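Fair warning: this is a prediction, and the values are worked out from it, not measured in the lab. Side chains included, hydrogens not; waters and symmetry mates left out as well; all remaining heavy atoms used.
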Amino acid sequence: MSSMGTDVLMLLPEALLLLTAICCLLLGSWTPRLEQQRVRALAAVGVGASLVASIVGLTEGERSAFSGTVAVDDATGVLRLVVGLALLVLLLLAGDEIAEQARESEIYVLLLLGGAGALVVGETTDLAVLVVGFLLASIPLYALIGLSTGEKAPEAALKTYLLGALAGILLMLGAAVLSALAGGTSYDALGDADGLITAPVVAVAAGVVLVLTGLLFKAGAVPAHLWVPDAVEGSWTTTGAFLTTVPKLGAVLAIARLLEALPPDRLWPVLVGALAASGMTIGNLGALNQAHVGRLLGWSTISQVGYLMAAAAAVPGSAQARPALLLFLAGYAVTNLGCFAVLASEPERRSLDDWRGMGRTRPGLTTSLGVGLLGLVGTPPTAVFVAKLLTIVVTWEAGLPWLAVLVAANTVLSLTYYLRWLASCLSNPTRGAPGQADPGASHPSQETRHPRAAQVAVACAVAAVVLGLLAGPALALAS
Amino acid sequence: MLSALLFLPLLAAVLLLVPAVSDRVARLAFVAVALVEVVGVAVLWWRYDDPGTGRLAFEEQVSWIPGIGSSYHVGLDGFSLPLVAMTTVVFLACAVFALAEARRPRLQAALFLALETTCLGVFASADLIVFFVFFDLSIVGMYLSINGWGHGDRARSALQFFLYTFLGSLALLVGFVGLYVASESHTFDMVTLAADPPLQGDGAVGVLVLGAVLLGLAVKTPTVPFHTWLPPAHTDAPAIGSAVLAGVMLKLGTYGLVRIAMPMFPDALRAWAPVLVAVGIASVLWGALVALAQTDLKRMIAYTSVNHMGYVVLAVGAAGVVGSDGGTDDAELRRTAITGAVTQMVSHGLLTTALFLLAGVVWSRHRDYAMDQYGGLASHAPRFAALLVVAALGSLGLPGLSGFVAELQIFAGSIGTVPVSAVALIGILLMTAVLLRAVQRLITGPSGPLSEEFTDVRPREWVPVGGLLALAIGVGIFPRPLLDLIEPAAATVASLVAR
């Protein structure tokens, strides 16, 4: 066992995020309201430092910290990088949307805390720490949604909070059951010879299902998914982008780690696979008829997390599954953030019909949206394509060919609604409902637009394609 | 060299998107790049030596995703080179035809150049994932083309096209992954998989996995009963979109049959062969009968494609029926059928492109495809009439044109192994009725309401159509150079199927 000091050094990226959050809170309290961009700059510097620490950490091989409660391995490294970069993107988006809001610095603090919480959830190999991570990741989430100024924000925050509180209790109960059965909270104890293997399978199953329920809430996955569309619709675009990206990354990785730790049994991958399958199907069906683009993206992330969980379900059965999952996490994050950045750059266009004619007026933005939406479908050569391909391969290899087929079938289903948005952009603005001229189209000069968000969208689209083309080296890095 | 040829159009497309380029420059650049492609392929053809069994000419391989044994691997053989050549010719014809495009010509040129890269990529790829990537991207390109430059209910047709063919492509992907998982070396490399096909003697699994691949290819081809996306897509697509869709993209499906289904699933293909024969015959007859009932010129041409692709499926099915003795005669017949199938792909590419461009001429005059609105065009537009007659005669399989060479070999090979294939001969008869009736309605008889002001074809219209027809006649009269290319590859596949 290493000393306390080296343990903290190993978790430097998380520590830096927390430290920055505290500094931001203090700085924000002494900064005039209209000059709070300083806080954002400080937050960005902190995230940057955390990213540098993550890269240094990646070069140092696989270790574990704090008596084996936190794994510092390749997956942790990738998660840190992806979450860090996602936070930077979110800070950029926030600069347009949240600047000069009453609670500006608090938002930045909550984003950093939520990011740190997601990291803890994804990195831990101990049930007790998992519970702590869950709380650290969830509480900022409720506040972020509640602080939004939209009409529907209070309702969404309450819904999220109630579901989250329930999920948290179930998670604690499950963790208690499992640690009682295994005789310890650490994941090593779960797989031990005198751990869960000898325990009654019904009791183990109850514990696993309860723990999974908590994580599924964090992942915004079926069956604990109902808060996602409301939260995306009700809160700021930045918040929506955060809550559909960062917590999911940590939660899915946590599910994969839990599966690895459980005693080898066909039951667990099949259980997660079934949850994944129902998640992608329900998410897609929910998205089919959405007219509000935020809700559409919200439902889309519910189905996307189903694909991510399919990759996670294959982790015990296939050696390739772990790098595939990590690539998927990165690819999903960049693609989803790109779509939300498009949304953020046009804050007044909220229904699908508002996007008519955008192909003519804003070709660059529409192209980024096209890359993002087709990327979420899994069209080559974007990152999600390679990741989805690998997911199909590894689920089949792991003995879940039905899941592979369902991933493919759901991809076709999802195409319908992604294309509806794209087709709306490509259609003629004049063909809108007669008498209801689009105010945005008729007075483009008065419309609020965020050019920086549009630049972020383009950057995300380029990154999604580049990550897809360089998938080989990226996978080599992850494995 | 091959990769340069593949990616030159894509590079040009990216450069065209730099906003400073004027419309005129964009149109000319489209023609220039398409011409360079044709010349480049001609050079390849000239330098081509048959690489022999299980090898590729102009091979290039770069590691891409080593974890799952997928690499950027391209090369040409006797199947792919003719189709690559046909593709470049079709795109050149479209480029010339599009010289008068008034709607966003710069974007259209860029889109079609990118589409050319994807189509060439499918034919040249020697890795299943690279094949799939180009296959999928071609769908996106065609969707944008129909949605952006089509007419009528274009958004709906484009969406339907995308959904159907995307479903097909994912079925294909599932099949590819099944093949990968079953292969001992865990690879997506086509050459390796064809040399040592996995799933041999695996019974049901092989049949299921090939079933997924065949479903994907059948949607793309399309065969009955998966053809319903084709008529609306064609009717609402722009002229050059239809030309590329029918001329090149339908071949992506049938090419998959000879490139993937036959060499990589010999056992399972033999199990599926009776189904393929039946589907082929059904497509031939159904396509012809429905074409007979059409009053819309473009829908009619679309259904003739279902008929013509039916012959290809029939030939592949017949070649998969291996007699119990497996004698040399048998191998000879199967080789003939496969040669006919590939020749038919090239021939149909040339002729149907010409037909669709002529339909585009009709549309550009009066925005109407209804055949009964026209009539007596022979006196109003004699050059148009002449081109239409030649294209129709070629399409119905008149000796002296490429269609005859192809269909003769298909029937010679198929009827020898599967006598019931003779039923498809009725299709030829029906096709004759379809095309002659269309010619009759448009060209002869009294002038229709829209015939009076029908301007005859302009140079940018008759040059591409005339060029395509000249090539079709060339193949019809001197088929040897083309057949010399195809036959060794066909013999290889015929022997692979019998494994």
Side-chain angles (χ1 to χ4, degrees), chain A residues 318-320 323-324 327 359-360 363-364 367 370-371 374 377-382 385-386 388-399 401 404-416 418-420 422-428 431 468-476 478-479, chain B residues 17 19 62-72 104 107 118 121 128-140 143-144 146-148 154-156 158-182 186 188 205 208-209 212 216:
Chain A
S318 163
Q320 290 283 329
L327 181 72
R360 304 274 164 81
T367 310
V371 172
L374 290 176
V377 175
T379 310
T382 57
F385 159 70
V386 181
K388 223 177 215 181
L389 168 69
L390 289 168
T391 302
I392 294 177
V393 170
V394 296
T395 43
W396 197 315
E397 274 184 338
V405 173
L406 282 174
V407 168
N410 266 295
T411 302
V412 180
L413 186 58
S414 71
L415 186 65
T416 337
Y418 291 124
L419 274 189
R420 270 177 63 218
L422 203 55
S424 173
C425 294
L426 296 176
S427 61
N428 286 325
R431 280 178 53 196
L469 291 176
L470 298 182
L475 282 168
S479 55
Chain B
L17 287 176
V62 182
S63 167
W64 184 35
I65 315 178
I68 53 167
S70 173
S71 59
Y72 170 78
R104 288 163 285 150
L107 279 179
T118 63
L128 290 175
I129 296 306
V130 178
F131 179 95
F132 178 81
V133 166
F134 284 123
F135 191 92
D136 237 22
L137 285 176
S138 73
I139 299 175
V140 178
Y143 166 79
L144 291 173
I146 298 175
N147 202 332
R154 59 194 164 92
R156 192 188 147 80
L159 184 65
Q160 194 181 0
F161 160 78
F162 204 144
L163 284 178
Y164 259 88
T165 48
F166 198 75
L167 172 75
S169 82
L170 281 167
L172 206 56
L173 185 63
V174 169
F176 289 173
V177 171
L179 201 57
Y180 163 85
V181 173
H186 276 356
F188 281 106
V205 180
L208 274 178
V209 173

Out of [options], return the one with the most heavy atom pairs under 4.5 angstrom to chain B.
{"options": "A:Pro380, A:Ala408, A:Pro401", "value": "A:Pro380"}
{"options": "A:Gly472, A:Gly370, A:Ala409", "value": "A:Gly472"}
{"options": "A:Val407, A:Ile392, A:Leu422, A:Leu470", "value": "A:Ile392"}

Selection from B:Leu107, B:Val133, B:Ile68, B:Ile65 maximising heavy-atom pairs under 4.5 Å formed with chain A = B:Val133

ask   = Under 4.5 Å between any side-chain heavy atoms of A:Leu426 and B:Tyr143, yes or no?
value = yes

task = Using a 4.5 Å cut-off on heavy atoms from C-beta on, say whether the side chain of B:Phe176 contacts that of A:Leu389.
result = no

Closest contact, heavy atoms only, [X] versus [Y]:
{"X": "B:Trp64", "Y": "A:Val386", "result": "CZ2-CG2, 4.3 Å"}
{"X": "B:Val174", "Y": "A:Trp396", "result": "O-CZ3, 3.4 Å"}
{"X": "B:Leu167", "Y": "A:Val412", "result": "CA-CG2, 3.7 Å"}
{"X": "A:Gly378", "Y": "B:Asp136", "result": "O-OD2, 4.4 Å"}

task = Report the distance from atom CZ of B:Phe166 to atom CG of A:Leu374, rounding to the nearest 0.5 Å.
result = 8.0 Å

Chain A contact via [X] - which portion, at a heavy-atom distance below 4.5 Å:
{"X": "B:Tyr164", "answer": "neither"}
{"X": "B:Leu163", "answer": "both"}
{"X": "B:Ile139", "answer": "neither"}

inquiry  = Using ring centroids (six-membered ring only for Trp), state whether B:Phe132 and A:Phe385 fall under 6.0 Å.
reply    = yes

remark   = Test side-chain contact (heavy atoms from CB on, under 4.5 Å), reference B:Val177, set A:Val393, A:Val405, A:Leu390, output is A:Val393

